[in-house]
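Step one of this worksheet: look at the structure below.
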There are 2 protein chains.
Amino acid sequence: MVRIKDIAKLANVSPSTVSNVIHKRKEKVSPEIYNRVEKILEEEQYVTHMGARMLSAKGSRLVALILAYKRIEKESIVEDPFVSSVIGAVQLALQEKGYFLLLYSNPDMEDCVKISREWNVDGIILLGAKREGYYKMKNSLSVPVVSIDTPFSATDAEYTNIGLEDFEAAKEMTRYLFSMGHRKIAFFSLTEGGELLEKHYIDSERYRGFKEAMEEEGLVAEGWHNLSFVEEIRKKQYFSFYEENFFHATALFFTADIMALEMMRFCMDRGISIPEKLSVVGFDGIKAGRCMHPMLTTMEQDSAEKGRKAVKELLFLLEEGKGDYKNIRLPVHLFIGETVARI
Amino acid sequence: MVRIKDIAKLANVSPSTVSNVIHKRKEKVSPEIYNRVEKILEEEQYVTHMGARMLSAKGSRLVALILAYKRIEKESIVEDPFVSSVIGAVQLALQEKGYFLLLYSNPDMEDCVKISREWNVDGIILLGAKREGYYKMKNSLSVPVVSIDTPFSATDAEYTNIGLEDFEAAKEMTRYLFSMGHRKIAFFSLTEGGELLEKHYIDSERYRGFKEAMEEEGLVAEGWHNLSFVEEIRKKQYFSFYEENFFHATALFFTADIMALEMMRFCMDRGISIPEKLSVVGFDGIKAGRCMHPMLTTMEQDSAEKGRKAVKELLFLLEEGKGDYKNIRLPVHLFIGETVARI
DNA sequence: TTGTAGGCGTTATCAT
DNA sequence: ATGATAACGCCTACAA
């Protein structure tokens with residue numbers, strides 16, 4: 001492996017001169033030597049040893065992307081296109097700026113703090129963490145932390161989060177259902193065995209929006225039905241909903257497309273035609289929803305943009321605006337498919 | 001930040017003793033001191049500085065997962081559940097063994113070699129690389145390289161790859177279509193603008209299997225239809241196939257579920273009922289296929305298992321069997337859905 | 001403009 | 001059993 005010392009010898013200069021060339025400090029090296037060294041660097045395929053750089057300089061140019069979701073099943077709902085596209089976008093955006101991505105998955109923030117310290121990361125992006133988890137990270141480390149989809153409360157401060165207008169979006173969707181004549185709407189989201197999952201909290205916002213819209217219309221939100229993360233159990237739940245005639249609802253509001261699709265399949269298997277007998281709406285805008293027949297009506301979000309924004313804000317905190325935190329909410333868009341009937 | 005030196009001072013021992021405790025070398029430290037140091041380590045929340053470790057010791061405990069797919073669109077077909085679940089599985093498997101994941105995405109193997117050197121990675125997992133790319137990596141670096149879904153030829157040697165029985169699987173699928181009475185079958189896969197994508201090569205294997213099965217049945221494989229990676233263009237292609245009456249085929253064989261789903265939607269929009277008028281089969285076994293109505297008949301693969309196997313083989317090469325390369329092919333499973341009619 | 005020297009944190013070797 | 005020391009590669013301040 002070629003090191004700075006070796007290059008220095010080959011070029012008949014000192015290591016610091018080589019270092020200056022590496023860092024493109026043209027003002028500190030004569031043009032002649034600069035070019036000579038640069039050429040040798042190229043020829044010898046010199047690459048910096050990041051360990052050594054971490055040791056001597058401040059930054060590691062490493063950013064940790066932490067997936068804080070709890071893993072219920074191996075093929076859990078979180079291993080979905082959403083997470084995939086966030087990861088992809090984060091990776092690409094970091095790479096463009098010369099940063100590297102350390103991917104780590106653990107809901108235990110203690111462990112995450114440890115890893116971040118070990119690797120001297122320059123910053124952290126948290127995906128699917130709880131509010132408490134965010135502060136735990138932020139307060140245990142001296143580097144900026146940006147979260148995606150972490151629900152904060154109105155009194156929280158000093159955080160940067162990339163989220164959606166969940167409350168407004170759910171309200172808009174509910175109003176759309178009203179506009180199509182629906183008055184009895186059942187609301188479904190995900191949870192697991194009594195203990196609330198991180199994602200659940202976002203769903204609380206959506207439920208609040210749904211509820212408020214209902215109340216504004218003089219209706220009663222009949223409650224919130226929790227679906228299991230485990231497919232087997234979910235299937236049973238669908239069956240019990242079916243037996244209860246879907247609580248006499250004319251429309252079902254799901255907080256994730258993938259569940260809406262499952263339910264559609266379940267209904268069609270039982271001769272309940274959608275949307276004629278039952279309307280269904282989802283949330284996310286996944287590709288498969290567009291392939292369904294009928295096409296799923298859903299609240300679309302741009303998950304890759306969430307990743308890009310997270311990187312942008314992290315680098316902003318890192319390189320410029322120390323402590324200038326932001327609560328960012330990306331827009332959503334109501335995609336009107338074919339799963340809602342006018343009644 | 002607490003360092004070994006600090007711990008040493010607190011415990012009134014030398015840094016080397018602390019280091020020995022950190023590495024659990026009980027035989028080199030007296031039990032009394034061992035416990036004392038261990039306690040202080042815990043109290044002070046000491047964490048290793050990985051940069052320093054990289055510098056002094058050999059290993060970095062870092063494994064690079066390199067996504068070598070070319071990016072055509074931001075939301076390319078490769079940003080699909082398959083990649084997501086491989087990443088998830090690799091990450092988890094590495095974590096369990098005490099390794100860290102550096103995620104990098106770049107089809108240029110020169111760049112990948114550079115990054116791997118910079119970070120002194122202990123090993124590399126390549127996803128979606130070409131045969132040439134694999135050897136480029138392997139020969140440029142002194143660490144083990146394991147690939148997933150890279151197509152090698154029979155004469156290749158010294159590689160570890162995790163793939164499927166693509167040839168056999170396509171044959172099996174084709175034979176299944178025969179068993180349902182189909183004789184005219186059209187084959188569709190992905191490519192882009194003349195230049196072959198990595199994934200394409202796997203599709204060559206599948207096409208070979210399809211072709212051989214056809215020939216064994218005394219039929220002619222009518223050719224191989226390439227779909228664009230760009231959704232817009234694909235839509236146009238579907239339309240032209242439609243105008244050509246799908247080449248008079250009674251069944252369409254897609255090498256990826258997601259395309260099969262798109263085509264199903266396209267057909268249903270035009271009153272071509274599936275499977276009554278046209279049968280469709282896919283490959284992968286994605287979740288949405290199960291939600292479709294009718295349910296997609298497909299060749300299921302276990303993508304997470306690919307990731308786990310890759311890690312297992314990498315660690316094997318790393319820790320034990322230097323140079324003991326393997327060509328691993330995971331089984332697939334024909335899932336019979338509802339998209340193939342008996343004719 | 002170029003070179004020298006010390007330090008970053010850890011580990012392995014060697015001496016006590 | 002424990003400690004001292006050198007080495008890993010890079011960076012920067014300071015000296016020449």
Side-chain angles (χ1 to χ4, degrees), chain A residues 1-38 40-41 44-62 98 100 114 116-122 142, chain B residues 1-38 40-41 44-62 98 100 114 116-122 142:
Chain A
M1 197 97 303
V2 194
R3 306 291 65 172
I4 284 186
K5 230 190 283 179
D6 308 316
I7 303 289
K9 271 205 190 100
L10 287 168
N12 267 318
V13 295
S14 76
S16 38
T17 302
V18 177
S19 175
N20 282 327
V21 174
I22 290 170
H23 291 282
K24 304 203 186 300
R25 295 192 244 271
K26 295 204 182 187
E27 76 285 1
K28 309 203 106 195
V29 186
S30 69
E32 183 204 359
I33 291 190
Y34 190 97
N35 290 330
R36 175 148 49 100
V37 171
E38 199 170 39
I40 297 177
L41 244 14
E44 299 292 320
Q45 300 197 58
Y46 170 82
V47 292
T48 36
H49 187 300
M50 293 307 285
R53 191 208 282 287
M54 275 166 74
L55 200 53
S56 65
K58 317 259 161 60
S60 58
R61 300 209 70 86
L62 208 50
F100 301 93
K114 181 162 172 279
S116 308
R117 286 223 182 99
E118 283 185 345
W119 285 101
N120 253 24
V121 300
D122 284 347
S142 56
Chain B
M1 199 94 306
V2 195
R3 306 290 65 174
I4 285 187
K5 231 191 283 180
D6 308 316
I7 302 290
K9 273 207 188 97
L10 287 168
N12 267 318
V13 294
S14 75
S16 3
T17 302
V18 176
S19 174
N20 282 327
V21 174
I22 289 169
H23 291 281
K24 304 202 187 301
R25 295 193 245 271
K26 295 205 181 184
E27 75 285 1
K28 308 203 104 192
V29 186
S30 69
E32 183 205 358
I33 291 188
Y34 190 98
N35 290 329
R36 175 149 48 100
V37 171
E38 198 170 39
I40 296 177
L41 244 15
E44 299 292 321
Q45 299 198 60
Y46 169 82
V47 292
T48 311
H49 188 301
M50 294 307 285
R53 193 209 283 286
M54 275 165 74
L55 199 54
S56 66
K58 316 261 161 61
S60 59
R61 300 210 71 89
L62 207 49
F100 301 93
K114 181 163 172 278
S116 307
R117 285 224 183 98
E118 282 185 346
W119 285 100
N120 253 26
V121 300
D122 285 348
S142 56

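Owing to the predicted nature of the structure, the values given are computational and were not obtained by experimental measurement. Values below: every heavy atom of this structure, side chains too, minus hydrogens, waters and symmetry copies. The chains referred to below are lettered A, B, ... by the order of the sequence lines, with proteins before strands, and numbering in each begins at 1.
Comparing C:dT2, D:dG9, C:dT10 by their nearest atom to the side chain of A:Val29 picks out C:dT2. The listed nucleotides are D:dT2, C:dT11, D:dG9; the one nearest the side chain of B:Arg53 is C:dT11. When each of D:dG3, C:dC8, C:dT2 is scored by its nearest atom to the side-chain atoms of A:Ser14, the top-ranked nucleotide is C:dT2.
B:Met54 places its CE atom 13 Å from the C1' atom of C:dG9, with the value rounded to the nearest Å. When the P atom of D:dA1 is taken as reference, atom CD of B:Glu32 falls 13 Å away, rounded to whole Å. Rounded to a whole Å, the NE2 atom of A:His49 is 18 Å from the P atom of C:dC8. A straight line from NZ of A:Lys5 to P of C:dA5 spans 13 Å, rounded to a whole angstrom. Between the OH atom of A:Tyr34 and the P atom of C:dT1 there is a distance of 13 Å, given to the nearest Å. Regarding A:Asn120, its CG atom lies at a distance of 9 Å from the P atom of C:dG9, rounded to whole Å. Separating the CH2 atom of B:Trp119 from the P atom of D:dG9 is a distance of 16 Å, rounded to the nearest angstrom. Put simply, CD1 on B:Ile4 is 14 Å from C1' on D:dG3, counting in whole angstrom units.
Between the CE atom of A:Met50 and the CG atom of B:Leu62 there is a distance of 10.5 Å, given to the nearest 0.5 Å. A distance of 11.5 Å separates CG of A:Asp122 from OG of A:Ser116, quoted to the nearest 0.5 Å. Taking CD1 of B:Ile7 as the start and CD1 of B:Ile22 as the end, the distance is 7.5 Å to the nearest 0.5 Å.
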### Worked check of side-chain hydrogen bond (donor to acceptor under 3.5 Å, both in side chains) between A:Ser14 and A:Thr17
CA-CA 5 Å; A:Ser14 76; A:Thr17 302; 3.3 Å; yes
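Between A:Thr48 and D:dC10 there is no side-chain polar atom (N or O) within less than 4.0 angstrom of OP1 or OP2. In terms of phosphate contacts, B:Ser30 brings a side-chain nitrogen or oxygen within less than 4.0 Å of OP1 or OP2 of D:dT2.
Of the residues in residues 15-28 of chain A, those placing a heavy atom less than 4.0 Å from an atom of DNA chain C are A:Ser16, A:Thr17, A:Glu27, A:Lys28, in numerical order.
At least one donor-acceptor pair closer than 3.5 Å links the side chain of A:His49 to the backbone N or O of A:Gly51. With hydrogens and angles disregarded, no donor-acceptor distance shorter than 3.5 Å links the side chain of A:Arg36 to the backbone of A:Pro31. Side chain of B:Arg3 to main chain of B:Thr48: no donor-acceptor pair is present (N/O by atom type, distance under 3.5 Å, no hydrogens or angles).
Counting non-hydrogen atoms under 4.0 angstrom, B:Tyr46 reaches the backbone sugars and phosphates but no base.
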